[in-house]
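First the structure, in the form of structure tokens, and then the observations on it.
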Amino acid sequence: MAKLAFIGLGTIGAPVARHLAAAGHDLTVYNRTAAKADAWVAVQGGKAAGSAAEAATEADAVFTCVGTDDDLAEVTLGPAGAFRTMRRGALFVDHTTVSAKIARQIGVEGKDRGFLVLDAPVTGGQRGAEEGRLALMCGGPRKAFEAAEPLMHAYARIIVHIGGSGTGQTAKMVNQIALAANAQGVAEAMRFAQAAGLDLDKVFQAISTGAASSWQMTNRWETMAKDEFDFGLAVDWFRKDLGLAIDEAHANGAALPVTALVDQFYADVQRMEGGHRQDVSALIRRLPK
């Protein structure tokens with residue numbers, strides 16, 4: 001049993017922390033909305049802390065899953081951040097999707113303080129987190145990865161060490177780039193099938209196991225057909241992720257013409273009623289029936 005701190009109890013963080021507690025670890029949790037931490041502790045046990053620094057005190061490992069670069073900087077390097085109280089030799093694992101730049105910065109800052117630091121963004125969404133079937137792409141020293149991997153098996157089915165600090169975040173950008181194009185392709189395919197008057201269930205049966213198959217098709221075809229979008233990865237968060245990828249592409253010289261175009265399509269969805277919080281499959285809403 002390890003003494004763990006978990007910072008950020010959102011749609012991904014809360015179930016991940018739950019899996020760690022279920023594995024027998026001693027958790028202290030912190031969330032900026034204190035009521036969330038109190039509610040989590042009431043069900044899962046452990047303790048709620050008043051700050052990230054308090055949660056990290058004497059922890060063997062500290063996990064974060066927050067929202068943005070600024071949020072991550074606040075809970076690590078801020079006046080009440082975890083890096084203020086973590087002990088030398090402790091492990092730090094960040095599951096937030098943020099820029100590679102801040103991941104590298106956190107890696108340097110943590111190394112200077114004697115921490116083992118891993119950037120480990122996740123894919124698999126809320127359902128993957130609830131079921132303990134996330135995929136993790138990890139960046140950081142091999143020693144940090146080896147320390148984190150046994151803990152991460154509590155909630156992940158795929159755990160890959162990509163390379164040095166920041167490479168986990170860059171790999172997550174690859175994932176989101178591929179997802180953006182795929183989401184648009186599945187949306188267009190469905191609207192075409194509808195315009196042609198085809199039976200959508202039969203079309204899915206015919207194409208969903210061939211070359212056109214994808215996670216997006218398998219998991220969202222039925223809900224898209226029903227105009228159901230109130231779940232999954234919110235458009236607001238996905239546009240944040242795409243912005244990170246586009247910024248990184250400007251730095252490394254990669255061309256992302258389709259990603260940039262689909263990002264603007266998502267801007268259209270954000271302007272629709274409720275669109276900003278709907279799943280990324282809501283992209284189909286901007287295509288006329």
Side-chain angles (χ1 to χ4, degrees), residues 8 10 12 64-78 92-112 117-125 135-141 144-145 160-188 214-216 232-272 275-283 286:
I12 302 298
T64 51
C65 191
V66 288
T68 65
D69 284 28
D70 288 344
D71 295 332
L72 180 59
E74 178 185 345
V75 299
T76 53
L77 304 175
F92 175 80
V93 179
D94 177 44
H95 288 317
T96 316
T97 297
V98 290
S99 70
K101 179 180 178 181
I102 195 168
R104 290 188 289 265
Q105 179 188 352
I106 294 294
V108 171
E109 296 279 358
K111 181 180 178 181
D112 289 346
V117 177
L118 204 66
D119 55 281
V122 311
T123 185
L136 311 181
M137 47 219 83
C138 306
F145 176 76
V160 181
H161 185 220
I162 304 295
S165 293
T167 60
Q169 294 297 344
T170 308
K172 178 62 181 288
M173 294 172 197
V174 175
N175 185 84
Q176 304 304 67
I177 291 166
L179 173 55
N182 188 245
Q184 177 66 15
V186 173
E188 291 183 13
S214 66
W215 187 97
Q216 190 72 9
L233 175 58
V235 169
D236 279 358
W237 288 116
F238 191 54
R239 283 208 73 205
K240 182 264 292 184
D241 294 355
L242 293 182
L244 295 173
I246 291 167
D247 287 346
E248 189 71 12
H250 289 156
N252 68 22
L256 300 180
V258 174
T259 303
L261 181 61
V262 176
D263 179 55
Q264 292 308 301
F265 293 164
Y266 276 116
D268 294 341
V269 177
Q270 284 178 312
R271 288 188 285 269
M272 297 177 176
H276 66 107
R277 293 299 304 167
Q278 290 182 325
D279 177 68
V280 295
S281 58
L283 194 62
R286 63 177 300 280

What distance do [X] atom [atom1] and [Y] atom [atom2] have between them, rounded to the nearest 0.5 Å?
{"X": "Leu179", "Y": "Gln216", "atom1": "CG", "atom2": "CD", "answer": "5.5 Å"}
{"X": "Gln270", "Y": "Arg277", "atom1": "CD", "atom2": "CZ", "answer": "11.0 Å"}
{"X": "Ser214", "Y": "Asn182", "atom1": "OG", "atom2": "CG", "answer": "3.5 Å"}
{"X": "Ile177", "Y": "Thr259", "atom1": "CD1", "atom2": "OG1", "answer": "5.0 Å"}
{"X": "Gln264", "Y": "Arg239", "atom1": "CD", "atom2": "CZ", "answer": "5.5 Å"}
{"X": "Leu261", "Y": "Gln184", "atom1": "CG", "atom2": "CD", "answer": "7.0 Å"}

Which heavy atom of [X] sits nearest to which heavy atom of [Y], and what is that distance?
{"X": "Pro257", "Y": "Ala255", "result": "CD-C, 3.3 Å"}
{"X": "Ser165", "Y": "Ala103", "result": "CB-O, 4.4 Å"}
{"X": "Ala180", "Y": "Val262", "result": "O-CG1, 3.6 Å"}
{"X": "Trp237", "Y": "Gly67", "result": "CZ3-O, 3.4 Å"}
{"X": "Thr96", "Y": "Val66", "result": "OG1-N, 2.9 Å"}
{"X": "Gly110", "Y": "Val117", "result": "CA-CG2, 3.7 Å"}

Looking at side-chain heavy atoms only, is the closest gap between [X] and [Y] below 4.5 Å?
{"X": "Asp241", "Y": "Met173", "result": "no"}
{"X": "Met137", "Y": "Thr170", "result": "no"}
{"X": "Leu77", "Y": "Glu109", "result": "yes"}
{"X": "Ile106", "Y": "Asp119", "result": "no"}
{"X": "Lys101", "Y": "Asp69", "result": "no"}
{"X": "Ser99", "Y": "Asp247", "result": "no"}
{"X": "Lys240", "Y": "Thr97", "result": "yes"}

| message | Quick check on side-chain hydrogen bond (donor to acceptor under 3.5 Å, both in side chains): which of Thr76, Asp71, Asp94 does Thr64 satisfy it with? | response |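 Going through the options one by one, the only one that passes is Asp94.
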| Side chains of Asp70 and Thr68: donor-acceptor distance under 3.5 Å anywhere? | no
For [Y], does its backbone N or O pair with a side-chain atom of [X] as donor and acceptor, under 3.5 Å?
{"X": "Asp279", "Y": "Leu233", "result": "yes"}
{"X": "Gln169", "Y": "Val98", "result": "yes"}
{"X": "Thr123", "Y": "Ala135", "result": "no"}

| task | Please list, chain by chain and in numerical order, all residues satisfying salt bridge (charged side-chain N to carboxylate O under 4.0 Å, His left out) with Asp268, sequence neighbours excluded. | result | Arg271, Arg286
| field | Val186 and Leu283: CA distance, side-chain angles, deciding distance, side-chain contact (heavy atoms from CB on, under 4.5 Å) verdict | value | CA-CA 10 Å; Val186 173; Leu283 194 62; over 6 Å; no
| said: Restricting to ring-ring contact (aromatic ring centres under 6.0 Å, His included), what partner residues turn up for His276, sequence neighbours left out? | reply: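 Expected list: none.
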| message | Using 30° and 60° as the class boundaries, would you call the ring planes of Phe238 and Tyr266 parallel, tilted or perpendicular? | response |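 Geometry flag for Tyr266 against Phe238: perpendicular rings.
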| Should the heavy atoms of other residues, nucleotides or ligands under 6.0 Å from NZ of Lys111 be counted, would the total exceed 12? | no
